[in-house]
Each structure stands twice: as C-alpha cells, then as structure tokens.
2 protein chains.
Amino acid sequence: MFTPAPPSLDAIFAALADPTRRAILTMLLEDDMAVTDVAEPFDISLAAISKHLAILAEARLISQEKRGRVKWCKLEPDAMRAATIWIQGFGQFDPLDFDAFERFLAAELPEEG
Amino acid sequence: MFTPAPPSLDAIFAALADPTRRAILTMLLEDDMAVTDVAEPFDISLAAISKHLAILAEARLISQEKRGRVKWCKLEPDAMRAATIWIQGFGQFDPLDFDAFERFLAAELPEEG
DNA sequence: AAGATCGTCAACCGAAAGGTTGAATATGCC
DNA sequence: GGCATATTCAACCTTTCGGTTGACGATCTT
C-alpha cells in the first residue's frame, strides 16, 4: 500500500509496554542496527526479536530498510511524540513534589539500563 | 503493605494501550467519578469496567477511595508523567514535519473523543 | 427488617501475546 | 554451483487479556 494507515495509540502504547521492546528502542538511540545485532544481547530467539521489531515497526516507532541481506532498523521518533502529545493532553499537571518524583525515577529507571 | 511497589513502565504503558482505559482517563480529567458512573457510557459490563479500573489503579494512573458504598476514582498524573519522562529520555527529537504530524493527529484523535 | 444499589469475586470463554523450533527464502562470498 | 549468513514463516504452546454471567458482601434507604 502507498499510504499506510497511521499508527494507533493502541499500537504505540502496546509496543512500549514490553521491556524488551523498550530496551531495543534504547539501543537504537545509539545507532541504526541490523536485526541480528539487535538480537545479540537478548536471551531469546532471533525469531522472537524479529517479531518484536515487527511490532515496533507496525507502531511506527522504528522503520526497517533492507539493504542486501541485512535489514536495518532505525528509530522513528514521531510515534513517540504522538504518545507524549496524547499524554500532555492531560494538561499541565500541578507543580509537584519533585523530591518524591526524583526518588521514583531513581527506583524505576535502572530497570531499563 | 505500607510502601507499595512503584508502578512499572510495563504496567503504565500496558494500561494506556487500551482505548477503553484511555477514554476512562479522559473522563476522569473532568472530575472524580464513581465506578458506576464511569461505566455508564460504555457498552460493556460493570465488572469489565471494574477490571479496567483495577488495571489503571495498579499502574497508579488513578487512585480509588471508598466512601460509603461508593468507590471514587481520581486521576493520578504522576504515573503519566513518568511515562513522558521515559519517552523524553529519547532526547530532543529533531524539529519536524509538522504538517504531517497535524494530519496524523487529525486522523488519530477523534478516535478517543 | 427488607429491599435496592454499589462494586467485586469466581468461573468461564475466545482471542491475542510472547515464546519456542524447524523449515524456507534471500542474499553474499569463494 | 555450493555454502554460509540474515531474516522470516509456520506451526505450536502457554499465559495473559478483555469480555461475559451469576452470586455475593457491603452499604444506603424506607
């Protein structure tokens, strides 16, 4: 198809809900990567990684371009921006207990590396 | 438990991945609501809504307080903020094709009301 | 006390998620 | 051509998800 359907918030948030996929996105922040290289640090099969990448691509969080036998994966920030925009539709949150928030982040973020 | 576990990004994004739950959050933006009133506009059973609310509460996107026989649901923006913070860890996205982005929003947002 | 209302629980269901393995399909290299 | 590499496909399995229904425990009302 020439004009593919826009990614849904369903697809975007669902894609982001999996820790493996979030880790993949973080890896792609560094550089574009081939599927095999994406798979390398994980303990799951290459086929499973391939599926994860398909889900990320479906949500348009990444794009995939095949050059030769290698399929390159590239971060596509637009979909993530769409997610934040939706969330920010919830308005200016009240200015808030930043200490508690920092503690929350300190506890949460190491989980992802 | 006195200090419940912090919500995981897994739970937050998974909670946001469902359109019914996003609609509920949007409703709660207006005002705190009782479970029955949350359920009213939807075509699914009260039990199903109750489960959705439990998932939102587990992710700490809402809190629930029982007063009398009524359980009040209240938006809790911290978890959403955590989600945006994670996403924004992806850095300053390149300034971008706003036309395309506007078109994307026009196509996507009506779905949620 | 009786009856209505609010909400959850428990058991069940079909579909989707996330994983596996083995075969298949391209492509690159000698 | 023949072999190795890169990736996906197909079939399968188990667990989770989103829904249903009916019974139940609380709580208000009369």
Side-chain angles (χ1 to χ4, degrees), chain A residues 4-5 7-28 31-74 111-112, chain B residues 4-5 7-28 31-74 111-112:
Chain A
S8 65
L9 287 174
D10 283 23
I12 295 169
F13 283 126
L16 293 177
D18 184 276
T20 300
R21 289 193 290 263
R22 287 198 307 278
I24 290 173
L25 291 173
T26 302
M27 290 164 60
L28 290 177
D31 214 342
D32 298 358
M33 295 180 80
V35 173
T36 305
D37 296 326
V38 169
E40 196 272 333
F42 296 98
D43 273 347
I44 61 181
S45 69
L46 182 62
I49 294 291
S50 181
K51 284 188 191 175
H52 279 304
L53 290 169
I55 289 168
L56 290 170
E58 179 76 24
R60 310 264 206 101
L61 288 157
I62 68 169
S63 59
Q64 293 183 290
E65 184 196 354
K66 193 167 180 180
R67 283 204 295 270
R69 62 180 163 178
V70 174
K71 201 166 187 178
W72 293 93
C73 304
K74 182 181 185 308
E111 169 195 313
E112 328 286 336
Chain B
S8 65
L9 287 173
D10 283 24
I12 295 170
F13 283 126
L16 293 177
D18 184 275
T20 299
R21 288 192 293 262
R22 287 199 305 280
I24 290 173
L25 292 174
T26 301
M27 291 164 60
L28 290 177
D31 215 340
D32 298 358
M33 294 179 83
V35 174
T36 305
D37 297 327
V38 169
E40 196 273 331
F42 296 98
D43 272 346
I44 63 181
S45 68
L46 181 62
I49 294 292
S50 180
K51 284 188 191 177
H52 279 305
L53 290 169
I55 289 168
L56 290 170
E58 179 78 23
R60 310 262 206 101
L61 288 158
I62 67 169
S63 59
Q64 293 183 289
E65 183 196 354
K66 194 166 179 181
R67 284 205 292 272
R69 63 181 164 180
V70 175
K71 201 167 187 176
W72 293 93
C73 303
K74 181 182 187 306
E111 169 194 315
E112 328 286 338

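Just so it is clear, the values below take in all heavy atoms, side chains as well, and ignore hydrogens, waters and symmetry mates.
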Using a 4.5 Å cut-off on heavy atoms from C-beta on, say whether the side chain of A:Cys73 contacts that of A:Asp32. no
Does a side-chain N or O of A:Ser45 approach OP1 or OP2 of C:dT20 to a distance below 4.0 Å, or not? yes
Without decimals, in angstroms, what is the distance between B:Glu58 CD and D:dC17 P? 11 Å
Could you state the CG-P distance from A:Leu53 to D:dT7, rounded to the nearest angstrom? 9 Å
For B:Thr36, which contact category applies under a 4.0 Å heavy-atom criterion: base, sugar-phosphate, or nothing? sugar-phosphate
Can you find a donor-acceptor pair, distance only, under 3.5 Å between A:Arg69 side chain and D:dT7 base? no
Length of the CG-P vector between B:Leu56 and D:dG18, whole Å: 10 Å
Once you round it to whole Å, what is the distance between C1' of C:dG19 and CG of A:Asp18? 11 Å
Side-chain N or O of B:Lys66 versus OP1/OP2 of C:dG7: is the shortest distance under 4.0 Å? no
Think B:Arg67 has a side-chain N or O under 4.0 angstrom from the OP1 or OP2 of C:dC6? no
Within the 4.0 Å heavy-atom criterion, would you say B:Leu46 contacts the bases, only the backbone, or no part of the nucleic acid? base
Inter-residue atom distance B:Leu61.CG - B:Leu16.CG, 0.5 Å rounding: 5.0 Å
Spacing of A:Arg22 atom CZ relative to C:dG18 atom P, expressed in whole Å: 11 Å
Base, sugar-phosphate, or nothing: which does A:Ala47 touch, judged by heavy atoms less than 4.0 Å apart? base
Tell me whether the side-chain N/O atoms of A:His52 come closer than 4.0 Å to OP1 or OP2 in C:dG19. yes
Can you tell me if CD on A:Gln64 sees more than 12 non-hydrogen neighbours from other groups inside 6.0 Å? yes
What is the distance, rounded to the nearest whole Å, between atom CG of B:Asp43 and atom P of D:dT21? 12 Å
What's the closest nucleotide to the B:Lys71 side chain, out of D:dG18, C:dT8, D:dT7? C:dT8
Heavy-atom nearest nucleotide on DNA chain C for A:Gly68 versus B:Ser50: which residue maps closer to 5'? B:Ser50
Is a salt bridge present between A:Arg67 and A:Glu65, judged by a nitrogen-to-oxygen distance below 4.0 Å? yes
Given atom CD1 of B:Ile44 and atom C1' of C:dG14, what is their separation to the nearest angstrom? 16 Å
Take atom CG of A:Leu16 and atom P of C:dG18, then tell me their distance rounded to the nearest Å. 12 Å
Is there a side-chain contact between B:Phe13 and A:Arg21 (heavy atoms, below 4.5 Å)? no
Assign each of B:Ile49 and A:Ala48 the nucleotide of DNA chain C bearing its closest heavy atom; nearer the 5' end lies the nucleotide of B:Ile49
Can a side chain N or O of A:Lys51 be found less than 4.0 Å away from OP1 or OP2 on C:dG19? no
